[in-house]
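Right, one structure below, let's go through it.
Values below: all heavy atoms of this structure, side chains included; hydrogens, waters and symmetry mates excluded. Counting starts at 1 for both ligands and their atoms, in listed order.
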Amino acid sequence: MVGHRMPECGDLIASIQPKLQQVFMTKQRVQIAAATGTGFMEASVRCTVNKKVLNCVNGAFSQRMAEITVGNGKANEVYEVEWGQAILPEPVAERLVSGQFDAVTIAHNETSTGVASPVGDIAAAIRALPNGQDIIIIVDAVSSLSGAYLPFDEWDLDVLLTSSQKAFALPPGLAFCAVSQRAMAKAKTVPNRGYYFDFLDLDKYLQKNQTPATTPVSLLYAADVQLDHILAEGMTARIARHLAMRDRTIQWVTGKGFKLFAAPGYESPTVTTAVNNLEIDISALNKFLRGHGMIISNGYGNLKGKSFRIAHMGDLQLADLEALFAAMDTFMENER
Ligand SMILES: *Cc1c(COP(=O)(O)O)cnc(C)c1O
């Protein structure tokens, strides 16, 4: 291990930074924290809000963002749609035009339901409002970034945050977050931004290729290598691979007679949620799959037993999914 204030560590962060910028499709610095994505969820409302947040909720993780907003003492209003539905541009813009909000939160990829919301269209609708430049757009892309098209600069987003352990296929413990100049300028006007996740302090250190507190050096080495792998594949090819895995998963799920939980047209590129309308025993299925070195996820929260989720993100390939589907076919034939 090198010390986190040694030049070797600065070199490591300097090596990672331009690669992260390519994955986030941004010229802004991408903040790095010894945390998971939830840390930056907290930072985003803590550092950029003076008035009120519109929390768009369509599942468990966007719901968490509303809880985080309240937990940090910020005023909020929840705009909730039925789980399985996407957040759409018009109703969001309609609510934001009043001028009472200075930020909006959206989960790009609701991992609990397998729904991807059209963040680019939502951002465009917000920026087209008379007060569109005053709104901080906060996007949770924990389970989609690096596996989905999320161009931070082109879409004019303000905060785009993610964790290392999902589509990046890294160990848990690192969080990454792009922050716009608009959000940085806003942060200067916000009191009580906290200490560990203060965007201004994080950025001050990042300009010197450091982090304010100790950085998880070993995880940064892993990130440096994995970012090389990601960029060697290329973002275009990587995004296309995720879409191909999504389409194949949908084909298997619907071919078996399961219904999709996600509203048509908003199926996530990284995780597919199937309605368990055939009432298979998901715990038994997972026990069987474990014996073959695989596992899927049960439905989230009160969707447990009523749905199941198949992840297709990170380093997985179509061949891995074929192996999974073959095993699931075997299980289902034997169960009947
Ligand atoms: C997993 C997840 C989170 C929480 O991420 P942590 O890394 O556990 O903090 C937040 N939002 C979404 C959409 C997720 O999938």
Side-chain angles (χ1 to χ4, degrees), residues 20 23-24 30-46 53 55-72 78 80-81 83-87 104-119 122 137-150 152 157 159-178 194 196-197 202 216 219-220 222-223 226 242 246 261-262 266-273 295-301 303-304 307-314 316:
L20 276 178
V23 175
F24 278 74
V30 179
Q31 304 301 319
I32 301 168
T36 66
T38 304
F40 276 133
M41 288 164 86
E42 200 146 271
S44 62
V45 286
R46 183 114 195 186
V53 184
N55 298 124
C56 301
V57 174
N58 62 339
F61 290 104
S62 43
Q63 173 67 44
R64 177 185 294 188
M65 195 71 212
E67 285 165 27
I68 287 172
T69 303
V70 174
N72 281 280
V78 172
E80 184 160 8
V81 301
W83 287 30
Q85 299 298 311
I87 301 296
V104 59
T105 67
I106 308 151
H108 166 250
N109 192 61
E110 238 315 339
T111 323
S112 62
T113 62
V115 170
S117 288
V119 164
I122 297 170
I137 304 176
I138 298 167
V139 178
D140 166 355
V142 169
S143 59
S144 50
L145 206 103
S146 93
Y149 185 63
L150 283 163
F152 183 76
L157 307 177
V159 179
L160 183 62
L161 63 97
T162 197
S163 306
S164 52
Q165 79 278 12
K166 293 194 184 164
F168 278 80
L170 278 164
L174 274 178
F176 309 119
C177 181
Y196 193 69
F197 290 113
L202 283 163
L219 294 177
L220 289 180
Q226 179 67 340
H242 281 82
R246 188 242 348 240
F261 193 77
Y266 300 101
E267 299 91 350
S268 159
T270 55
V271 57
T272 295
T273 304
I295 192 161
I296 62 163
S297 289
N298 209 321
Y300 196 96
L303 296 173
K304 193 172 175 186
S307 70
F308 59 89
R309 295 174 297 155
I310 299 172
H312 32 80
M313 66 176 83
L316 288 179

_Minimum side-chain heavy-atom gap Ile122-Val104 below 4.5 Å_ =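 No, their side chains stay 4.5 Å or more apart.
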
*asked:* Using side-chain heavy atoms (C-beta onward) and a distance below 4.5 Å, is Thr270 in contact with Lys166?
replied: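 Not touching, per the 4.5 Å side-chain cut-off.
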
*Should the ring pair Phe168 and Phe24 be called parallel, tilted or perpendicular, given that the plane angle runs from 0 to 90° and is split at 30 and 60?*
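The rings of Phe168 and Phe24 sit tilted, inter-plane angle from 30° to 60°.
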
_Check for me whether Met65 has a heavy atom closer than 4.0 Å to any atom of ligand 1._
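No, Met65 has no heavy atom closer than 4.0 Å to ligand 1.
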
_So for Lys166, does at least one of its heavy atoms come nearer than 4.0 angstrom to any atom of ligand 1?_
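It does; at least one heavy atom falls under 4.0 Å.
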
Quick one: which ligand 1 atoms are inside 4.0 Å of a heavy atom on [X]?
X	answer
Thr111	12 (C), 13 (C), 14 (C), 15 (O)
Thr38	4 (C), 5 (O), 6 (P), 9 (O)
Gly37	6 (P), 7 (O), 9 (O)
Gln165	6 (P), 7 (O), 8 (O)

*Can a donor-acceptor pair be found between the side chains of Ser62 and Glu110 at a distance below 3.5 Å?*
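A pair is found: one side chain offers a donor N or O, the other an acceptor, under 3.5 Å apart.
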
_When you measure from the side chain of Arg309 to the backbone of Thr111, do you find a donor-acceptor pair of N or O atoms at a distance under 3.5 Å?_
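At least one qualifying donor-acceptor pair exists.
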
*Please answer whether the main-chain N or O of Ala116 pairs with a side-chain N or O of His108 as donor and acceptor at a distance below 3.5 Å.*
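Side chain of His108 to backbone of Ala116: no pair is present.
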
Under 4.0 Å, heavy atoms only, figure out whether ligand 1 is touched by the backbone of [X], its side chain, both or neither.
X	value
Arg64	side chain
Ser163	side chain
Val142	side chain

*Report the nearest protein non-hydrogen atom to atom 11 (N) of ligand 1: residue, atom name, distance rounded to 0.1 Å.*
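For this ligand atom, the closest protein heavy atom is Asp140 OD2, 2.6 Å.
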
*asked:* With respect to Thr36, determine whether any N or O atom, backbone or side chain, lies less than 3.5 Å from an N or O atom of ligand 1.
replied: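 In this structure, Thr36 places an N or O atom under 3.5 Å from an N or O of ligand 1.
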
_Under 3.5 Å: N/O of Asn109 near N/O of ligand 1_ =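 Among all N and O atoms of Asn109, none is under 3.5 Å from an N or O of ligand 1.
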
*Roughly how far, to the nearest 0.5 Å, is the CG atom of Asn58 from the CD atom of Gln85?*
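Gln85 CD to Asn58 CG: 9.0 Å, rounded to 0.5 Å.
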
*Residue from Phe61, Phe308, Phe261 passing ring-ring contact (aromatic ring centres under 6.0 Å, His included) with Tyr300*: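 In the set Phe61, Phe308, Phe261, the residue that makes a ring-ring contact (aromatic ring centres under 6.0 Å, His included) with Tyr300 is Phe61.
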
